[in-house]
Every structure is written in structure tokens, then in C-alpha cells.
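One-based numbering along the sequence shown. No experiment lies behind these values; they were computed from the predicted model shown.
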Amino acid sequence: MAARNALIAAPPYAVETALKTLGANIRTARLRRNLTIDEIGQRVGVGRRAIMDAEKGKPSTAIVVYVGLLWALDLIDQLAEVASPDKDEEGLALSPARSRARRKEALDNDF
């Protein structure tokens with residue numbers, strides 16, 4: 001079966017690594033809680049294959065599966081920090097609010 005898009009077929013190395021790390025972290029959290037794949041799958045409402053794919057960091061796994069697993073493992077609060085605008089150094093530096101020029105009042109043509 002061909003991938004639906006190039007990002008799934010051949011993700012950039014950083015994306016692939018991040019997904020694999022997330023999957024491994026989810027697996028570690030599940031094992032520390034002594035939960036089986038079937039038990040966590042029932043909590044999230046997905047099958048074994050979806051859990052195994054997420055734990056492997058497969059790019060084709062829906063984000064809702066990853067987020068559902070974080071929720072089931074009581075780790076969802078950590079998700080709030082992902083891409084936080086307050087921690088986006090580049091975005092803050094480029095923000096128009098930081099470099100906004102002062103508005104000049106309209107010039108009066110009366111001399």
C-alpha cells in the first residue's frame with residue numbers, strides 16, 4: 001500500500017526520531033504502570049495494532065492515538081508545553097508585536 005503523502009512515506013530524520021522517541025516514552029510509561037497493550041487499548045478505545053504502531057513511532061499513526069495514550073497514562077498535561085508560544089524563541093523574535101513601529105499621526109497640511 002502506497003503512503004498517502006511524502007511525509008508519511010519518508011519523514012525528515014528529525015520527525016522520524018521525535019516520533020520514535022515519543023513512542024518509546026509511551027511504551028516505557030505503559031510498562032511502568034504494568035498495563036498490557038490490550039488494557040491500554042481498551043482505555044483509549046483502539047486496537048492492539050494502533051497501540052503497537054504508536055509505540056514504534058510509526059508516522060502513519062493518527063495523532064489522536066498518541067494523544068489518547070498520553071491521556072490514558074495521565075501524561076496529557078505535558079502536551080500543553082508542546083509548541084508553546086511563550087517558549088517559541090524564533091517566533092517571539094519575529095513577532096510583529098516586538099518590532100511594531102509607532103504610528104505617526106496624520107500630517108496637517110495647514111501651514
Closest non-hydrogen contact found for Val65 with Ala50 is CG1-O, 3.9 Å
Going from CG on Asn5 to OG on Ser60, what distance comes out if it is rounded to the nearest 0.5 angstrom? 10.0 Å
Around atom CZ of Arg30, are there more than 12 heavy atoms from other residues, nucleotides or ligands closer than 6.0 Å? yes
Rounded to the nearest 0.5 Å, how far apart are CZ of Arg27 and CD1 of Ile51? 12.5 Å
Closest non-hydrogen atoms of Leu73 and Ala29, given as atom of the first, atom of the second and distance, are CD1-CB, 3.9 Å
Between the main-chain N or O of Thr36 and the side-chain N or O of Glu39, is there a donor-acceptor pair closer than 3.5 Å? yes
With a sphere of 6.0 Å drawn around CZ of Arg33, does it hold more than 12 non-hydrogen atoms of other residues, nucleotides or ligands? yes
To the nearest 0.5 Å, atom CG of Leu70 lies from atom CG of Leu22 at 6.0 Å
Under 4.5 Å between any side-chain heavy atoms of Asp88 and Glu90, yes or no? yes
Answer with yes or no whether the hydrophobic clustering places Tyr13 together with Ile8; edges join I, L, V, M, F, W, Y residues whose side-chain heavy atoms lie under 4.5 Å apart. no
Residues forming a salt bridge (Lys or Arg N to Asp or Glu O under 4.0 Å) with Glu89, sequence neighbours excluded: none
Could you grab the distance from atom CG of Leu92 to atom CG of Asp86, nearest 0.5 Å is fine? 7.0 Å
Smallest separation among heavy atoms of Leu7 and Pro12, with atom names: CD1-CD, 3.5 Å
One should read off an interatomic distance between Leu31 CG and Glu55 CD, to the nearest 0.5 angstrom, of 7.0 Å
What's the spacing between Thr61 OG1 and Leu69 CG if we round to 0.5 Å? 9.5 Å
Pairwise side-chain contact, Arg43 with Leu35, heavy-atom cut-off 4.5 Å (strictly under): yes
Side chains of Ile37 and Met52: closer than 4.5 Å at any heavy-atom pair? yes
Please report the shortest heavy-atom distance between Ala72 and Val44, naming the atom on each side. CB-CG2, 3.8 Å
Identify whether Tyr66 and Ile76 are in the same connected component of the hydrophobic contact network (ILVMFWY, side-chain heavy atoms under 4.5 Å). yes
To check you understand the geometry: which heavy-atom pair defines the closest contact between Val67 and Leu79, and what is its length? CG2-CD2, 3.8 Å
Counting only N and O atoms by type, is there a donor-acceptor contact under 3.5 Å from the side chain of Thr21 to the main-chain atoms of Thr17? yes
Between Glu16 and Lys20 (salt bridge meaning N to carboxylate O under 4.0 Å), is one present in this structure? yes
